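Here is the structure we will look at, set down as structure tokens.
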Amino acid sequence: MPETLENRIRHFREARGWTQAHLAEEMGVSRKTVNTVENGVFSPSLIVALKFAAALDQPVERLFSLTVDGREKPWD
Amino acid sequence: MVDDFERAEQFARVRALMAPFLGLLVLTMQQGTFYAWDWGSDSLVQIFVWLSFALVMLALLLTGGGWFLPRRARELANDEVTRANRQRGITVGFVTAMITGFLVWAISPFEPLHAQRAANIIVSMGLGCALVAYGMAEVATHAGDA
């Protein structure tokens, strides 16, 4: 079954009133990185995922989750 | 004042638009100007021009260019997404070069090719297709920008 990586970056970013450009500067990455990850176009490395978590002050597992057929995948 | 973030973004956008055209330029020159050249010539000018062009295109593909940008701007321009796109382009280029090499090898007993001509076909196809694939992937990721 195909697994997809979902994220809640937009939710937490907008809750802080930040633009993608501002988040990118907080993380020290390009705005393209923020944009493509937020829109699910690109699956980030662990390093970038941790940068998202640090910048948004959230645990990684709150920002990213694996889903199968639209449902969050239970851990084995 | 333009900071490193803006500078990197501007450069990445221009590069995304330029890369497919550079790829097409490589493929066009393969079929156009170089086709008319005297293959096997020992002209140092011809050898220097061909080698320089091929090396610059290869360096652009492997490094992403922007050699005169500040270090921080270059790092931002060559972000994780760009490196993944470039890897995709290099894979496409490698496979194209291999297939072209197989075809040149299979055809050469029937249509003898000078070594320079054969190398030109393989290198141009590989580099050209890699740059086109890399550029198209970059354009696609920039197209999603808000």
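Treat the numbers as computed from the prediction; the structure is a model and nothing was measured. Proteins get letters first, then strands, A, B, ... in listed order; numbering begins at 1 in each.
Of all heavy-atom pairs spanning F5(B) and G28(A), the tightest one is CZ-CA, 4.2 Å.
Criterion: ILVMFWY side-chain heavy atoms under 4.5 Å apart, direct or through other members. Under it, M125(B) and L103(B) are not part of a common hydrophobic cluster. Hydrophobic clustering (side-chain heavy atoms under 4.5 Å, transitive across Ile, Leu, Val, Met, Phe, Trp, Tyr) keeps V26(B) apart from F94(B). L63(A) and L5(A) fall within a single hydrophobic cluster, where Ile, Leu, Val, Met, Phe, Trp and Tyr side chains are chained together by heavy-atom contacts under 4.5 Å. Hydrophobic clustering (side-chain heavy atoms under 4.5 Å, transitive across Ile, Leu, Val, Met, Phe, Trp, Tyr) groups W67(B) together with L61(B). By the criterion of side-chain heavy atoms lying less than 4.5 angstrom apart, applied directly or through intervening Ile, Leu, Val, Met, Phe, Trp or Tyr residues, L55(B) is not grouped with V123(B); the two fall into different hydrophobic clusters.
E38(A) does not touch chain B: none of its heavy atoms, backbone or side chain, sits under 4.5 Å away.
Counting heavy-atom pairs closer than 4.5 Å to chain A, the top-ranked of the candidates T82(B), V81(B), L76(B) is V81(B). When each of I47(A), V41(A), V29(A), T19(A) is checked for heavy-atom pairs under 4.5 Å with chain B, V29(A) comes out on top.
Interatomic distance, OG1 of T36(A) versus CG of D79(B), reported as 7.0 Å (0.5 Å rounding).
The environment of E111(B) atom CD is sparse: at most 12 non-hydrogen atoms of other residues, nucleotides or ligands sit within 6.0 angstrom.
For the pair D3(B)/E25(A), a side-chain contact is recorded, criterion being any heavy-atom separation below 4.5 Å from C-beta on.
E80(B) pairs with exactly one of S45(A), S43(A), S30(A) by the side-chain hydrogen bond (donor to acceptor under 3.5 Å, both in side chains) rule, that one being S45(A).
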